[in-house]
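What follows is a single structure, written as structure tokens, with notes after it.
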There are 2 protein chains.
Amino acid sequence: MTGVTGDSGGPGPGARTAGEVLADYLHHQSTDFLRGLRLHRESGSDAEGAGEAAWHLRAAARRISATLHTFRPLTDETWADQLLSELGWLSGTLAREHACAARRDRLMAALQRLTSPAPDSEEGESALSAGAARAGALLDRQLTLARTRAHSAALQALGSSRFHAVADSVAVLASEAPPTRAAAEVPAAEALPHLAEQAHRRLTEAVTALPLSRAGHPYNADALAPDPRQDSPWHQVRMLVRLSRYAQEVIAPGHPDPRLTDAGHALERHRDAAEAAAAASAAARTPRIAPATAYALGVLHADQRHEVEAARYAFGRAWLPRARGGGTHG
Amino acid sequence: MTGVTGDSGGPGPGARTAGEVLADYLHHQSTDFLRGLRLHRESGSDAEGAGEAAWHLRAAARRISATLHTFRPLTDETWADQLLSELGWLSGTLAREHACAARRDRLMAALQRLTSPAPDSEEGESALSAGAARAGALLDRQLTLARTRAHSAALQALGSSRFHAVADSVAVLASEAPPTRAAAEVPAAEALPHLAEQAHRRLTEAVTALPLSRAGHPYNADALAPDPRQDSPWHQVRMLVRLSRYAQEVIAPGHPDPRLTDAGHALERHRDAAEAAAAASAAARTPRIAPATAYALGVLHADQRHEVEAARYAFGRAWLPRARGGGTHG
């Protein structure tokens, strides 16, 4: 927490008010957002450029949202809640296309890994290779269609008056200070770390509810258990990790907590694998598919659910070593 | 190695010749074999009794075989090789019925675990539950048929003149010393530990060739890789663990090495899971099955291949802690 508390010495942000630090962070993020928007308009039919632009838009929108969420008591709450809601809509719309593309890539890579030709293939493997090609084609078709739909929806969203209103709100943040309350007039070191620690406490409390001890035993086979609600607490923690990570960006810029970074990566992998497993499962319900295709989709589903389990194990490894030593937070 | 080397003090087996210690061990095992044979004849239509009898027969046959194998240089080698070959035939024949039953139980338990009803089932799980019941019925039918065939084959073997010849050879061991060579006239402590250590060295050399470092990283997904030959070195080590374990029984009765016991259990689980995965894969090639059935068999196959991977991890954990500290063997 060097940035705000001024531990790093020098004329750091420690001398500034909470409102000034927030305005500074939001200024940077909204500038990034507007740059992403410009890139997107310039990308035209360049899919890669459009993808990169959307990435910038999403990254900035996520950070602005997280900041409004964590430091809400310092801001005009009506304004913050309104912008939060609209940024949530925008992020969701923009994220879908990327998610479909990433899910397709993940499943194709998994099929590749499960079926790449072995020197002397035995009979035991042929049930998979027979169906894997057709399963791949089916998933490719379904996820490409979903991606195309998500792309159209995103384009439509970016041309809507609703989007222009969000973009205008963000553009204001690029030049003006956000509407704050009197509480934001205090020195940054007095107000910001406290709220960041509250966010971190919500995270550590949610982690406490996770079956971490169980997840720390490899090959526990929990992720394949038929409990459809088992992923939710992990998804919840993923969002809280993100909030805590961005709060750290505000109060200690340039000092990312590697534990939060690793934990976040593990839980993103958890989400990606869970969604890929669901896509394989959904594809298996396509009418009139061949048994060999369904078999390959079953293998793929189980493979991705084991990836879910592996991600939980990785989260535990990222989280626990420092928790054992006593963290600096909550 | 207290028994033979006499470290335990007292009038232990250290004072006896190698031939006497071998004769003693083989006497015990052949008595167990004959008891198993009597139990089997008395069991009639009592399937549980017959199963228990077969278990005794197999356990004794395995130990006699292992002893003839490891301590072969002390015995009449023509006699040992002949008996080894016949015991191998008998063990294989008797093991098949048990293996079919165990495989069926393992797969039914896995299906149960993968599909036991969750309170509020989501759409994402229904593809599995729809097919799991039919997959279970299919596997049950196929493995019960295989078991019935194995049972008939075992009964036929037990009534054959070939079996009576083996039983006669074993019966001789229950009352007479085995045909040994002059080398067996030396004190047990001079000849037996040396041969047991050779067996152990063959084991440690085979373990060195295993990808243990890789297997020690949980969730490496190796077991689902399409290399049909990947299991063989592990199966080979399983047999060498068994030889080493039984050699320990000869030279240090009542002092089982927990490391060998744990390593052996892990590799038995490895073999069972690999065979169960192959059975699920084979069932998926049954003509005219429903896609939902094939999907469930795919999930089951992947689940059992992950069990294979988990067993490799468990083997590494059983094997390495003491290897790191520097073992007493080889």
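So that the names make sense, note that chain A is the first sequence line, chain B the second, and so on, each numbered from 1.
Comparing His306(B), Arg113(B), Arg288(B) by how many heavy-atom pairs each has under 4.5 Å with chain A, the most go to His306(B). Of the residues considered (Pro291(B), Ala302(B), Ala221(B)), Pro291(B) shows the highest number of contacts with chain A, using heavy-atom pairs under 4.5 Å. Taking Leu300(A), Ile289(A), Thr293(A) one by one and counting their heavy-atom pairs under 4.5 Å with chain B, the maximum is reached by Ile289(A). The choice from Ala314(B), Ala290(B), Gly298(B) that makes the most heavy-atom pairs within less than 4.5 Å of chain A is Gly298(B).
Residue Val299(A) is tested with Thr115(A), Leu111(A), Leu114(A) for a side chain to side chain contact (heavy atoms under 4.5 Å, CB included); the sole match is Leu114(A).
Under 4.0 Å is where a charged nitrogen must lie from a carboxylate oxygen, and between Asp257(B) and Arg245(B) no such pair does.
Looking at every heavy atom in both residues, Asp222(B) comes nearest to Glu309(B) through N-OE1, 3.3 Å.
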Could you go through residues 263-279 of chain A and list every donor-acceptor pair under 3.5 Å that involves a side-chain atom there, pairing it with any protein atom two or more places apart or in another chain?
residue, atom, partner, partner atom, Å
Arg269(A), NE, Glu307(A), OE1, 3.4
His270(A), NE2, Arg312(A), NE, 3.0
Glu275(A), OE1, Arg103(A), NH2, 2.9

